[in-house]
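Numbered from 1 within each chain, the chains take letters A, B, ... in sequence-line order. Hydrogens, waters and symmetry mates play no part in the numbers below; they use all other heavy atoms, side chains included. As the structure is a prediction and not an experimental result, all values here were calculated from the model.
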Amino acid sequence: MGKLSDHAQDVSMTCTKRPSRQFFRRDPVTLGRALLGQKLVRVIRGRRLAGTIVETEAYLGAIDKAAHTYGDRRTDRNKSMWADGGTAYVYFTYGMHHCINVVAKRVEDPEAVLIRALEPLEGLAIMRRNRRAAKQDTDLCSGPGKLCQALAINHQFDGSDLINGQQLFIELFRRRAYPARQIAVSPRIGIAYAGRWAHKPLRFFLTQNPHVSKGS
DNA sequence: CCCGTGATTTAT
DNA sequence: TAAATCACGGGG
């Protein structure tokens with residue numbers, strides 16, 4: 001009998017169901033907390049690559065200076081942010097990295113949650129092959145660009161549905177959200193340009209989880 | 001600390 | 001059309 005996962009002290013707490021649309025149609029702060037402990041799953045040639053979400057950030061739409069949707073700027077890159085809750089917004093940045101967001105709220109409400117880190121659970125051998133630079137398993141998915149490289153997530157998934165997707169989707173792994181006392185909160189990473197928005201407590205992560213990014 | 005790398009955005 | 005920027009990661 002192996003050691004029990006940090007995310008599931010008890011198997012009766014776990015499940016493998018697709019979330020409902022309503023799960024995603026919440027504000028990005030609530031969704032950012034609710035996504036912690038849930039699974040992001042990528043299927044490649046019948047093999048599952050998956051990890052539990054351990055770090056997220058909320059982006060608050062047109063008013064949020066750190067968001068790509070600040071000032072309601074709607075462009076070809078960010079248009080999936082206006083889709084329904086549960087849609088993926090995948091973008092390419094710094095000439096080499098992809099990042100994935102989970103759209104929150106409803107159609108025409110451009111709010112989202114950035115997935116910043118996973119604890120790898122399934123398909124680690126393939127993740128290690130996808131992430132040659134990783135020296136240890138805590139380097140596989142401990143950052144938004146790293147996890148997209150590990151799971152081979154790219155622009156083809158921009159605008160895709162994370163509820164009914166076949167190659168990329170979210171599975172409810174925890175039946176209940178983590179209690180607030182197990183979630184640490186901090187300012188978001190990499191948005192120093194955003195004035196007062198740079199200081200807001202919109203980053204959420206599992207306390208003491210070694211797979212969280214080293215950003216802070 | 002610095003730099004790669006290229007799409008996107010902003011300035012001229 | 002040109003320049004600057006970037007929700008990052010890797011290597012000193």
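In the set B/dT10, C/dA7, C/dG11, B/dT10 carries the atom at the smallest distance from any side-chain atom of A/Arg73. Relative to the side chain of A/Tyr59, the nucleotides C/dA7, B/dG6, B/dT9 differ in distance, and C/dA7 lies closest. Picking from C/dG11, B/dA7, C/dG10 the nucleotide with the shortest atom distance to the side chain of A/Lys135 gives C/dG11. Residue A/Arg131 places its side chain closer to C/dG10 than to any other of C/dA7, C/dG10, B/dA7. Residue A/Met81 places its side chain closer to C/dA7 than to any other of B/dT10, C/dA7, B/dT5. Among B/dG6, C/dC8, C/dC6, the nucleotide with an atom closest to any side-chain atom of A/Tyr193 is C/dC6. Proximity note for A/Pro144 (side chain, C-beta onward) versus B/dG6, B/dT9, C/dC8: the nearest is C/dC8. The A/Ala67 side chain lies nearest to C/dA7 when the options are C/dA7, B/dG4, C/dG11. With distances taken from any side-chain atom of A/Leu114 to the nucleotides C/dG11, C/dG9, C/dA7, the minimum falls on C/dA7. With distances taken from any side-chain atom of A/Arg116 to the nucleotides C/dC8, B/dG6, C/dG10, the minimum falls on C/dC8.
A salt bridge does not link A/Asp158 to A/Lys79: none of the charged nitrogens lies less than 4.0 Å from a carboxylate oxygen. By the 4.0 Å N-to-carboxylate-O rule, A/Arg188 lies too far from A/Glu57 to be salt-bridged with it. The pair A/Arg21-A/Asp161 meets the salt-bridge criterion, since a charged nitrogen lies less than 4.0 angstrom from a carboxylate oxygen.
Comparing C/dA2 with B/dT5, their P atoms sit 22 Å apart, to the nearest whole Å. With P as the reference atom, B/dA7 and C/dG11 are 23 Å apart, rounded to whole Å. Rounded to whole Å, the separation between the P atoms of B/dT8 and C/dG10 comes to 23 Å. To the nearest whole angstrom, the two P atoms, one in B/dA11 and one in C/dA7, are 16 Å apart.
The phosphate of C/dA7 has OP1 or OP2 within less than 4.0 Å of a side-chain N or O from A/His68. For A/Thr93, no side-chain nitrogen or oxygen approaches OP1 or OP2 of B/dG6 to under 4.0 Å.
Put simply, OH on A/Tyr94 is 13 Å from C1' on B/dA7, counting in whole angstrom units.
Counting only heavy atoms from C-beta outward, the side chains of A/Thr69 and A/Asp64 never approach each other to under 4.5 Å. Side-chain contact between A/Asp72 and A/Trp82 is present, with at least one heavy-atom pair separated by less than 4.5 Å.
Among the protein residues, A/Ile191 comes within range of the sugar-phosphate backbone only, with heavy atoms under 4.0 Å from sugar or phosphate atoms but none that close to a base. Within the nucleic acid shown, A/Asn101 comes within 4.0 Å of at least one base atom, counting heavy atoms only. Counting non-hydrogen atoms under 4.0 angstrom, A/Gly145 reaches the backbone sugars and phosphates but no base. Note on A/Ala66: a base of the nucleic acid sits closer than 4.0 angstrom, heavy atoms only.
Under the Watson-Crick or G-U wobble criterion, with both distances below 3.5 Å, B/dT5 is left unpaired in every strand shown. The partner of C/dA7 is absent, by the rule that a Watson-Crick or G-U pair needs both atom distances under 3.5 Å.
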